[in-house]
Amino acid sequence: MFIYIAGAGAMGCRFGYQLQKSGNEVILLDNWQAHIDAIKANGLHITGDEDLMYPMTIMHPTEATREADFIILFTKAMQLKAMLTDIKSIIGAKTKVLCLLNGLGHEDTIREFVPQENIMMGVTVWTAGLKNPGVVFLQGKGTINLQSFSSQGEAAVKDIVDTMNAAGLNVIYDNDVVPSIWRKACVNGTMNSTCALTDSKIGQFFGSEAAIRIVKTIIHEFVLVGTAEGVKLNEQEIVDYVMHTAEIAANHYPSMHQDLIQNHRLTEIDYINGAVARKGVRLGIATPYCQMITDLIHAKESILEIK
Ligand code: NAD
């Protein structure tokens with residue numbers, strides 16, 4: 001299969017590596033010049049469970065000209081629209097497009113560029129990190145839950161699911177993936193912003209009654225808004241899931257801490273707590289914690305002069 005990875009950061013490199021290794025033709029698309037230069041010069045340096053240099057093709061999105069069978073979107077949320085604009089010419093009538101970004105509402109952006117029947121939305125617990133330009137850290141295993149928006153459902157994407165499974169990506173076809181996307185957004189919405197703002201590891205933040213009150217209130221706001229949008233969410237099940245995830249990841253800084261505090265990069269807050277606050281305004285549902293968290297993250301971005 002001929003596959004583009006649109007956004008070849010940590011996760012894009014992981015998926016691109018696994019899909020090329022299993023026999024597909026893969027091209028990475030990215031805009032970070034130092035990263036492109038490093039991969040062109042030396043190949044992708046895989047570290048973690050393996051240590052090897054792996055040759056991969058990488059180019060700027062606007063340099064890609066051949067229509068794709070399959071495109072996996074792996075930008076950060078705030079880069080998605082610009083990426084789709086840049087790759088418009090390689091999205092053909094039959095090109096399937098999968099979005100595995102964290103956050104809410106990406107399908108509305110993708111629909112502007114891709115026919116509904118070719119869109120797949122999903123959520124993944126695979127992880128990856130970039131150590132330096134051209135150097136990715138891959139450890140452990142994961143799974144992907146995805147759903148096709150085609151009226152044919154699973155049958156429309158059988159070849160894609162088979163291809164990803166042949167690459168060891170552990171895809172589960174999910175007939176209702178939206179609740180899983182919201183549940184993951186609850187994990188991100190309770191840990192990412194709070195740990196970034198309090199400069200703490202997940203276990204440190206979750207260690208006080210005050211913090212648990214904040215976590216539960218944020219989840220409550222997500223559930224009120226999601227339910228009003230028709231998403232099937234069970235508040236207690238989400239609280240249990242978030243607590244369990246926090247326990248497993250207790251010793252880690254979440255990705256927003258890495259982006260904002262460690263690397264001084266813009267965050268995905270507008271697509272997590274910010275998305276819930278915006279939807280809340282539209283639906284007439286108060287979401288004061290999500291709004292406050294979003295404003296505080298933007299204030300911190302401004303204090304750090306991140307653009
Ligand atoms: P990433 O930050 O590694 O890469 C995203 C984009 O930013 C890429 O185009 C990359 O080249 C660019 N970039 C990265 N570092 C840069 C730097 N220092 N300077 C300039 N550009 C830079 O993002 P990711 O971790 O691959 O995440 C992609 C999406 O997947 C996000 O929505 C994220 O929330 C989600 N996600 C990530 C993980 C994870 O473990 N990393 C897990 C699940 C979902």
Side-chain angles (χ1 to χ4, degrees), residues 4-18 27-40 44 47-49 56 58-62 64 71-84 86-87 98-107 109-110 121-146 169-170 180-181 183-189 191-193 196 202 245 248-249 252-275 297 306-307:
Y4 286 104
I5 309 287
M11 292 296 276
C13 284
R14 172 187 269 291
F15 278 56
Y17 167 57
Q18 289 190 222
I27 295 182
L28 306 177
L29 302 176
D30 208 72
N31 280 309
W32 185 15
Q33 194 60 48
H35 190 52
I36 295 173
D37 292 344
I39 294 173
K40 279 190 172 168
L44 179 63
T47 68
D49 290 339
M56 293 207 72
I58 184 163
M59 59 181 69
H60 285 280
T62 47
I71 298 174
I72 305 183
L73 301 168
F74 253 137
T75 60
K76 280 280 165 77
M78 54 285 186
Q79 303 164 329
L80 180 62
K81 186 154 189 176
M83 174 61 79
L84 285 162
D86 283 349
I87 63 171
L98 169 63
C99 174
L100 293 173
L101 274 62
N102 281 331
L104 300 170
H106 303 314
E107 60 278 15
T109 306
I110 298 168
M121 296 301 296
V123 63
T124 182
V125 295
W126 283 100
T127 61
L130 275 185
K131 289 168 89 171
N132 281 307
V135 185
V136 68
F137 180 81
L138 308 181
Q139 199 167 54
K141 300 237 169 272
T143 54
I144 300 161
N145 280 52
L146 65 78
L169 287 165
N170 301 331
S180 302
I181 293 174
R183 196 171 62 164
K184 177 94 185 280
C186 283
V187 171
N188 296 134
M191 297 178 191
N192 269 315
S193 39
I202 294 165
T245 308
I248 295 170
H252 293 270
Y253 288 106
S255 59
M256 196 177 288
H257 186 283
Q258 290 165 26
D259 286 340
L260 182 66
I261 306 301
Q262 299 172 34
N263 298 323
H264 290 194
R265 296 179 65 206
L266 287 173
T267 71
E268 296 184 297
I269 193 71
D270 285 335
Y271 303 87
I272 308 172
N273 305 76
I297 290 286
I306 305 170
K307 293 194 180 78

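First listed ligand is number 1; within each ligand, the first listed atom is number 1.
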Checklist entry - side-chain contact (heavy atoms from CB on, under 4.5 Å) with Val123: which of Thr143, Leu100, Ile181? => result Ile181
Checklist entry - Would a distance-only check, ignoring hydrogens and angles, find a side-chain to backbone donor-acceptor pair under 3.5 Å from Asp259 to Arg265? => result no
Item to check | Test item: Thr109 and Tyr271 side chains (from C-beta on) under 4.5 Å apart, heavy atoms | outcome: no
Next on the checklist: Could you check whether any side-chain heavy atom of Gln33 comes within less than 4.5 Å of a side-chain heavy atom of His60, counting everything from C-beta outward?
Outcome noted: yes
Item to check | Note, Ser255 side chain near Glu268 side chain (heavy atom, < 4.5 Å) | outcome: no
Checklist entry - How would you list, by chain and number, the residues with a heavy atom under 4.0 angstrom from ligand 1? => result Gly9, Ala10, Met11, Asp30, Trp32, Phe74, Thr75, Lys76, Gln79, Leu101, Asn102, Trp126, Thr127, Ala128, Leu130, Lys184, Arg265, Glu268
Next on the checklist: Less than 4.5 Å apart, side chain to side chain, heavy atoms only: is that true for Ile269 and Asn192?
Outcome noted: no
